[in-house]
There are 2 protein chains.
Amino acid sequence: MDINGQAEGSVIEERSARRRLPPQERRQQIIDGAVAFFAEVGFDGKTRDLAKRLGVTQSLLFNYFATKDELIEAVYEQVYLNRLAPDWPDRLTDRSVPLRGRLLAFYSEYSTLIFQYEWMRIFMSSGLSGAELNRRYLKHLGDVILRPLLGEIEFAARSGEIPTMEDIWNLHGGIVYIGIRQHIYRTPCPDDPSVAITRAVDRFLLAFGIDEA
Amino acid sequence: MDINGQAEGSVIEERSARRRLPPQERRQQIIDGAVAFFAEVGFDGKTRDLAKRLGVTQSLLFNYFATKDELIEAVYEQVYLNRLAPDWPDRLTDRSVPLRGRLLAFYSEYSTLIFQYEWMRIFMSSGLSGAELNRRYLKHLGDVILRPLLGEIEFAARSGEIPTMEDIWNLHGGIVYIGIRQHIYRTPCPDDPSVAITRAVDRFLLAFGIDEA
DNA sequence: TCGCTTATTGAGCATTTGATCAATCTTATT
DNA sequence: AATAAGATTGATCAAATGCTCAATAAGCGA
């Protein structure tokens, strides 16, 4: 968001005026810049380009991160942090609320969280390069969100169809694919994915005889 | 498949025996190797590593491709070529066959075509790096497969729901996501995706009152 | 078997790139 | 205003990397 104060004192502050920041602050600034940078160009982006974008020397980066890999690790942490709200498992299994409402609320919040340029692209890049954090995230998602969701669908099901984990992944994948089209493939997409999501959820529930619409 | 003849005459042919191939053949061998190589490590893979894997000098690559980018273009062509069978549009709109059968036949063939390591990873890599070929492919897919499919669903629909293009993309995305989990994220997946696909298609048809199951 | 064409090699060039470190300059403190 | 601490820089290194080219030798025809 804020790459630099940019204007402080004089209206036109000659750029590249050496600016001294508290280490913690500078570190965070570098991480934020690195997230945006690597999201855009991939993890093979050059440290010199990142430094230039930050308005800082390349050597400065190595004062805060011993190696480029260490910086990338920090980027991972920053991006993966808090991507799964801890209260979702509870809210998804709160049977005092209709299942459809729970599902729509979850995917409404989740999609605004993940349908973002930085997340989508860094998640995909790290997945491609085999980052362990990626599989950990997906396992976690499966364990604390999708598996309980399967239980809820089973519980609410009125038709003979018994849902499977693959069915849940299919629902999830169909929704996530919107974000992939938008930020990875950069293909024309609806500005507001919520109607597509709602319809997907309703189709899914209908198949198991759950129609609260 | 065949990196080298490997055994010809003597049982143990000392490797790195200089082997002279017809240019066309060598070129194809390089392309095939490059597809596998770049699929695995991404397009920032080094030409020296690729050459080593081919059992050939790095400089040889530049006798067949002026630049690395040109080699990558050849990889694109090789991978994207014939990924969409030209008879699918016709078969998908052949109303003498039940829609469900057409859909299942299409996704059965299509999934075996695209749920492959090389395709999935190169398609995703090229998408991330903004390759034009990627968007072209998706536009083509939308135009010649998914759009006609929308027409077929509309025609067969028995419920009040009117399908939209986004609904079709959702069906498609949910299915493709299986391949993404398998080859990009390397997450546990069903060996045979056909049951998941069948169930997804059936849920979709059911939502529009099309149940021929 | 000899000779010729040309596929292939190996050495090497110019940049790029991650990483280092002593010198410099900003800023808080006195 | 003077001082000290340490954040930041600029020059630089070594390795990696895309690419070139003269030299080499594999395989075909005579």
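Here the structure is a predicted model, which is why all the values come from computation and not from measurement. Residue numbering restarts at 1 for every chain, and letters A, B, ... go by the order of the sequence lines.
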| query | Would you say the side chains of A/R26 and A/Q29 form a donor-acceptor pair under 3.5 Å? | reply | yes

| task | For A/Q182, enumerate each residue passing the side chain to side chain donor-acceptor pair (under 3.5 Å) test, keeping only those at least two apart in sequence or located in another chain. | result | none

| request: Measure from the ring center of A/F123 to the ring center of A/Y137 and say whether it is less than 6.0 Å. | output: yes

| said: Please tell me if B/Y64 has a side-chain N or O lying less than 4.0 Å from either OP1 or OP2 of C/dT8. | reply: yes

| remark: Of the listed C/dA11, D/dT8, C/dT20, the closest approach to the A/F62 side chain comes from C/dT20

| Is there a residue in residues 43-50 of chain A whose heavy atoms reach under 4.0 Å of DNA chain C, and which residues are they? | A/G45, A/K46, A/T47, A/R48

| message | In this structure, how many angstroms lie between the C1' atom of C/dG18 and the CG atom of A/N63, rounded? | response | 14 Å

| Atom-pair distance (CD on A/Q24; P on D/dG6), nearest Å | 15 Å

| query | Tell me: CD of A/Q58 to C1' of D/dT12, nearest whole Å? | reply | 11 Å

| field | Steps toward salt bridge (Lys or Arg N to Asp or Glu O under 4.0 Å) verdict (A/R135, A/E132) | value | CA-CA 5 Å; A/R135 265 189 298 277; A/E132 188 55 34; 3.3 Å; yes

| Out of C/dT8, D/dT9, C/dA7, which has the shortest distance to the side chain of A/V56? | D/dT9

| Shortest side-chain distance from B/P23, nucleotide among D/dG10, D/dA7, C/dA7 | C/dA7

| request: Measure from the ring center of A/Y177 to the ring center of B/Y177 and say whether it is less than 6.0 Å. | output: no

| Centres of the A/Y110 and A/H172 rings: under 6.0 Å? | yes

Could you list the protein-to-nucleotides 27-30 of chain D atom pairs, N/O on both sides, closer than 3.5 Å?
{"residue": "D/dG27", "atom": "OP1", "partner": "B/R20", "partner atom": "N", "Å": "3.4"}

| task | Say whether B/S194 and B/Y107, considering side chains only, have a donor N or O and an acceptor N or O under 3.5 Å apart. | result | no

| So with a 6.0 Å cut-off around CD1 of A/I162, is the heavy-atom count from everything else above 12? | no

| request: Flag this pair as yes if the NZ/CZ of B/R203 is under 6.0 angstrom from the six-membered ring centre of A/F204 and inside a 45 degree cone about the axis; otherwise no. | output: no

| request: Could you please name the option among C/dT20, C/dG18, D/dT8 that lies closest to any side-chain atom of A/R26? | output: D/dT8

| request: Round to a whole Å and report the spacing from CG of B/L61 to P of D/dC21. | output: 17 Å

| message | Rounded to whole Å, how long is the line connecting atom CG of A/L60 with atom P of C/dC21? | response | 16 Å

